[in-house]
There are 2 protein chains.
Amino acid sequence: MPRPSTPLLSSDRIRSAALAIIDRDGLDGLSMRKLAAELGVQAASLYGHVRTKDQLLNDIASSVLSTVDVSGFEVDWREGLIRCARSYRAALSSHPNIVPFLAYGPAGREESLQRLDLLHGALVDAGWSRREATMIAAGLMYIVFGSALSSFSSGFSSDPADYTDRYPHLDRAHLLPGVARELDRDSFELALAAFVRGL
Amino acid sequence: MPRPSTPLLSSDRIRSAALAIIDRDGLDGLSMRKLAAELGVQAASLYGHVRTKDQLLNDIASSVLSTVDVSGFEVDWREGLIRCARSYRAALSSHPNIVPFLAYGPAGREESLQRLDLLHGALVDAGWSRREATMIAAGLMYIVFGSALSSFSSGFSSDPADYTDRYPHLDRAHLLPGVARELDRDSFELALAAFVRGL
DNA sequence: GAGTTAACCTAACACTGTTCGGTTAGTCGG
DNA sequence: CCGACTAACCGAACAGTGTTAGGTTAACTC
């Protein structure tokens with residue numbers, strides 16, 4: 001196929017198709033050839049719109065994080081922290097399969113820095129020292145990312161025989177998968193509330 | 001080379017060589033061919049001792065986590081939580097490059113479950129309900145894994161120009177890389193203390 | 001000493017991300 | 001209107017990945 005009359009590809013179309021694949025097949029399920037195939041195109045054609053796969057993933061990550069809202073600090077810094085964390089978690093858990101990518105490396109994403117700047121400023125305004133503000137922001141991110149990884153409650157088998165005898169205190173762990181989502185949310189809320197209250 | 005008089009390979013040698021590569025070159029720096037080369041062997045030979053690369057990584061992860069100590073709950077459950085979290089973090093931060101692998105999937109690792117069982121039991125003994133115990137354990141893991149990812153303080157540039165003007169509250173963020181390790185530890189301790197105090 | 005097993009090898013398969021050079025449709029200058 | 005040029009795609013290839021099949025020979029067992 002030569003140059004088509006109306007372009008088949010665009011950065012946006014590529015990004016959203018890639019995110020759909022990630023959501024459906026996981027992070028490892030995304031390959032450039034598969035992505036191209038779903039767009040009705042050959043793999044090489046993608047590189048006219050995207051520099052590298054890593055860059056594509058970064059762009060997707062940024063767009064996922066762009067929905068995070070850090071407003072709400074005017075009322076109360078505790079409430080601001082809680083809202084910010086909830087918003088972060090909502091963004092991440094709407095596309096959980098991309099979280100391992102975020103976990104990989106030095107981010108330095110524009111969006112993250114901007115939000116972090118606001119968060120830091122709000123904490124300093126509330127009376128915390130700069131160093132304390134940095135550590136509190138870090139702690140909040142620990143809880144958010146830790147809960148978003150959720151290799152915790154989703155990592156349980158649903159076969160009771162896997163636990164009985166060997167792990168006496170986990171004798172009902174096989175019920176976890178059924179309530180994993182709810183339990184993850186409640187665990188996050190508990191951790192967040194305890195953290196903020198304990199500051 | 002036919003069968004050598006004394007075997008060149010063993011599961012242990014393979015595991016420790018692989019972990020050394022991961023520590024040195026990162027998770028992506030480990031390939032079966034490279035691992036084989038460092039052991040003076042061809043890649044295919046590894047598969048006589050290791051089922052798959054994924055299994056190898058799981059075994060390595062288990063051995064890293066095997067140093068975690070969950071004793072210390074006799075004294076006080078708060079102290080027990082703190083010691084457990086510190087021990088976990090120590091294990092993870094001694095081999096930080098394998099943490100992204102842990103972040104990937106349903107773990108269900110023998111070691112983790114065993115430790116989780118003890119933790120859960122200790123919390124129930126201390127008077128928490130089973131559900132609360134589960135959530136508290138999850139919250140603790142959030143902080144441990146979140147801090148071990150450390151895509152936070154290690155993700156900052158050391159060039160002041162990257163922050164000035166654009167991020168007014170982060171005007172000293174360029175200093176972070178120099179104190180990243182210490183700051184990460186302090187942030188972890190702060191988050192842990194706040195979390196436990198807030199329960 | 002024969003037969004079996006264990007430990008290595010070479011070669012290959014089906015993938016991966018990415019690049020090079022080609023082909024053609026659309027667009028712009030004269 | 002037509003030539004030059006660019007934009008958007010394709011086919012083929014490269015170097016790398018995890019993994020398997022089948023071969024070769026040393027060491028062990030009876």
Side-chain angles (χ1 to χ4, degrees), chain A residues 1-62 97-98 100-102 104-105, chain B residues 1-62 97-98 100-106:
Chain A
M1 187 199 307
R3 177 176 186 181
S5 47
T6 79
L8 302 172
L9 262 34
S10 76
S11 301
D12 274 348
R13 256 171 67 69
I14 293 175
R15 264 197 301 271
S16 71
L19 183 54
I21 292 179
I22 290 173
D23 285 342
R24 170 164 44 87
D25 302 336
L27 197 53
D28 291 337
L30 176 71
S31 81
M32 297 304 269
R33 284 176 175 82
K34 186 160 155 187
L35 172 57
E38 298 214 355
L39 289 163
V41 131
Q42 293 300 116
S45 312
L46 298 172
Y47 288 84
H49 304 260
V50 160
R51 222 164 49 79
T52 92
K53 185 187 184 184
D54 204 70
Q55 185 58 54
L56 172 61
L57 285 171
N58 265 299
D59 290 347
I60 292 172
S62 286
N97 289 342
I98 211 181
F101 173 77
L102 297 177
Y104 245 82
Chain B
M1 186 197 309
R3 179 176 186 182
S5 48
T6 77
L8 302 171
L9 261 36
S10 76
S11 302
D12 274 349
R13 257 171 66 69
I14 292 175
R15 264 197 299 273
S16 72
L19 183 53
I21 292 178
I22 290 172
D23 286 341
R24 171 163 43 87
D25 302 337
L27 197 53
D28 292 337
L30 176 70
S31 82
M32 298 303 270
R33 284 176 174 84
K34 184 162 158 187
L35 172 57
E38 300 214 353
L39 289 163
V41 129
Q42 293 300 114
S45 310
L46 298 172
Y47 287 85
H49 303 260
V50 160
R51 222 164 51 78
T52 93
K53 184 188 183 183
D54 204 70
Q55 186 59 54
L56 173 60
L57 286 171
N58 265 297
D59 290 348
I60 293 172
S62 286
N97 290 342
I98 210 181
F101 174 77
L102 297 177
Y104 247 82

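Chain identifiers are assigned alphabetically (A, B, ...) following the order of the sequence lines, protein sequences preceding nucleic acid strands; residue numbering begins at 1 within each chain. Here the structure is a predicted model, which is why all the values come from computation and not from measurement.
- The shortest distance between the side-chain N/O atoms of A:S45 and the OP1/OP2 oxygens of D:dA8 is not below 4.0 Å.
- Spacing between atom NZ of B:K34 and atom P of D:dG16 amounts to 12 Å, rounded to whole angstrom units.
- Comparing atom distances between the A:Y47 side chain and each of D:dT19, C:dT19, C:dC8 picks out C:dT19 as nearest.
- Atoms CG (B:L9) and C1' (C:dC9) sit 13 Å apart, rounded to a whole Å.
- Counting to the nearest Å, the P atom of C:dT16 and the CG atom of A:L35 are 12 Å from each other.
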Open item on the list: side-chain contact (heavy atoms from CB on, under 4.5 Å), that's the test. Do B:V41 and B:L35 meet it? Break it down for me.
Closed with: CA-CA 9 Å; B:V41 129; B:L35 172 57; over 6 Å; no
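- Taking only side-chain nitrogens and oxygens, B:H49 comes nearer than 4.0 Å to OP1 or OP2 of C:dC8.
- Here A:T52 does not reach the OP1 or OP2 of C:dG17: none of its side-chain N or O atoms lies under 4.0 Å away.
- Closest to the side chain of B:A44, out of D:dA12, D:dT20, D:dT19, is D:dT20.
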Task: Step-by-step side-chain contact (heavy atoms from CB on, under 4.5 Å) determination, B:L56 to B:I14 - done: CA-CA 9 Å; B:L56 173 60; B:I14 292 175; 4.0 Å; yes
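- The CG atom of B:D54 sits 14 Å away from the C1' atom of D:dT17 (whole-angstrom rounding).
- In terms of heavy-atom proximity, B:G29 sits nearest to B:I21 at O-CG2, 3.6 Å.
- Residue contacts for B:Q42: at a heavy-atom cut-off of 4.0 Å it reaches a base atom on one of the strands shown.
- Annotation: the span from A:K53 atom NZ to A:S31 atom OG amounts to 6.5 Å, rounded to 0.5 Å.
- We find that CD1 of A:I14 is positioned 11 Å from P of D:dA8, with the value rounded to whole Å.
- Among A:N97, A:L57, A:D25, the single residue meeting the side-chain contact (heavy atoms from CB on, under 4.5 Å) criterion with A:L30 is A:L57.
- The distance between atom CG of A:L46 and atom C1' of C:dT16, rounded to the nearest whole Å, is 14 Å.
- Of the residues in residues 16-33 of chain A, A:R33 come within less than 4.0 Å of DNA chain D through at least one heavy atom, sorted by number.
- In plain terms, the two heavy atoms of A:I98 and A:A61 that are nearest each other are CD1-N, 3.9 Å.
- We find that A:E38 and A:R24 are joined by a salt bridge, their nearest charged nitrogen and carboxylate oxygen being less than 4.0 Å apart.
- If you measure from atom CD of B:Q55 to atom C1' of D:dT19, you get 15 Å, rounded to the nearest angstrom.
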